Protein chains: 2
Amino acid sequence: MDDDGLSPVFGALADPTRRAILARLAEGPAPVTELGRPFDISAQAVSKHLKVLERAGLISRTRQGQWRPCRLEAAPLERASGWIEQYRAVWEDSLGRLEQEIDRIQGRQDDATHD
Amino acid sequence: MDDDGLSPVFGALADPTRRAILARLAEGPAPVTELGRPFDISAQAVSKHLKVLERAGLISRTRQGQWRPCRLEAAPLERASGWIEQYRAVWEDSLGRLEQEIDRIQGRQDDATHD
DNA sequence: CGGCTTATCAACCATGTGGTTGCATATCGG
DNA sequence: CCGATATGCAACCACATGGTTGATAAGCCG
């Protein structure tokens, strides 16, 4: 199967808390406590979210005193975007063509019945 | 929380089988049996994948005789792409700037210690 | 050293996923 | 109506997720 590591990336993106964390991280690195502040969850839950993001390669963590600042790693986002962009033609142009195709096939069935 | 339904979409994308199904569907509608043919899984497993895709709004199913042809619905892909594209600047341009920022902060700490 | 903050690890629980098998249903085609 | 095909539903299993609480390690600061 063609898995260039996109599954963990999309999986990490499939959670609003993690998407919000990435949004915050886009403005610059931040330690765990600050990342979790907006959410009504424990620090441990935040830590688990970060682990998911890290396994997907979306963030990297360094040590700085007792803080572990997280940094956004955008490369996986670029690959994910590239995958979706394959379908840009579908939603921009070919979608109407596809629908017409279906109508054509269904129309042919109608012809066969009432003729 | 800002959840405009992107979580199910990314969740559906987080599986290589489902991504392959979408790839096949991009070429046109197809019934369940044909969608499952390339994979070494049961028809029921395919059906469950399709249910996940359907709940995410990525496909729609119609009835045509005993077949239930699936059709790709690209709108959620467009929204997902839009979300990721927010970060294009990060991986295209600002990434280096971000790294420099970190180096600057760390450098300032070094200054404080050895000065 | 002792205490505070930061952050992670471990165990637990409920739920979803990804697969299976078995059964039910619907439709075509004799 | 009967049988074959296409598809869905339900139950089950193993495992991951997303949350909790409790304990623990690592750093700062007094």
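Throughout, a chain's letter reflects where its sequence line sits, starting with A, and its residues are numbered from 1. Nothing here was measured: the structure is a model prediction, and the numbers come from that model.
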Atom-pair distance (CG on A:L13; P on D:dG18), nearest Å: 12 Å
When you check the phosphate oxygens OP1 and OP2 of D:dG18, does a side-chain N or O of A:R18 lie under 4.0 Å from one of them? yes
Which nucleotide in C:dG19, C:dA7, D:dA6 has an atom nearest any side-chain atom of B:A45: C:dG19
Gap between atoms CH2 and P, on B:W67 and D:dG8 respectively (whole Å): 14 Å
How close or far is atom C1' of C:dG18 from atom CG of B:L50, stated in whole angstroms? 13 Å
Output yes when at least one side-chain N/O atom of A:K51 is less than 4.0 Å from OP1 or OP2 of C:dC9, else no. yes
Given atom CG of A:L35 and atom C1' of C:dT8, what is their separation to the nearest angstrom? 15 Å
Just how far, in rounded Å, is C1' of D:dC28 from CZ of A:R68? 16 Å
Quick one: are A:V9 and B:F10 in side-chain contact, heavy atoms under 4.5 Å? no
Derivation of the salt bridge (charged side-chain N to carboxylate O under 4.0 Å, His left out) call for A:E85 and A:R88: CA-CA 5 Å; A:E85 285 299 313; A:R88 173 169 289 280; 2.6 Å; yes
Are A:V90 and B:L77 connected in the hydrophobic side-chain network, where two residues link if heavy atoms are under 4.5 Å apart? yes
Counting side-chain heavy atoms from CB outward, which of D:dG22, D:dT7, D:dT20 is closest to A:S42? D:dT20
5′-ward residue of the pair A:A14/A:Q44 relative to DNA chain D: A:A14
Using whole Å, report how far CZ of A:F39 lies from C1' of D:dG18. 14 Å
Under-4.0 Å side-chain N/O to phosphate OP1/OP2 contact, A:R55 with D:dT17: yes
Taking C-beta and beyond as the side chain, do B:I21 and B:H49 meet within less than 4.5 Å on heavy atoms? yes
Counting heavy atoms from C-beta on, name the nucleotide in D:dG18, C:dT20, C:dA7 closest to the side chain of B:K48. C:dT20
A:G65 backbone acceptor or donor facing A:R63 side chain under 3.5 Å: yes
From C:dT8, D:dT7, C:dT6, pick the nucleotide closest to the side chain of A:Q66? C:dT6
Of the listed C:dG18, C:dG19, D:dG19, the closest approach to the B:H49 side chain comes from C:dG19
Can you find a side chain N or O atom of B:R61 that sits less than 4.0 Å from OP1 or OP2 on D:dT7? no
Send over the distance from B:I41 CD1 to C:dT20 C1', rounded to a whole Å. 11 Å
Nucleotide D:dG18, atom P - distance to CD1 of A:I21 in whole Å: 11 Å
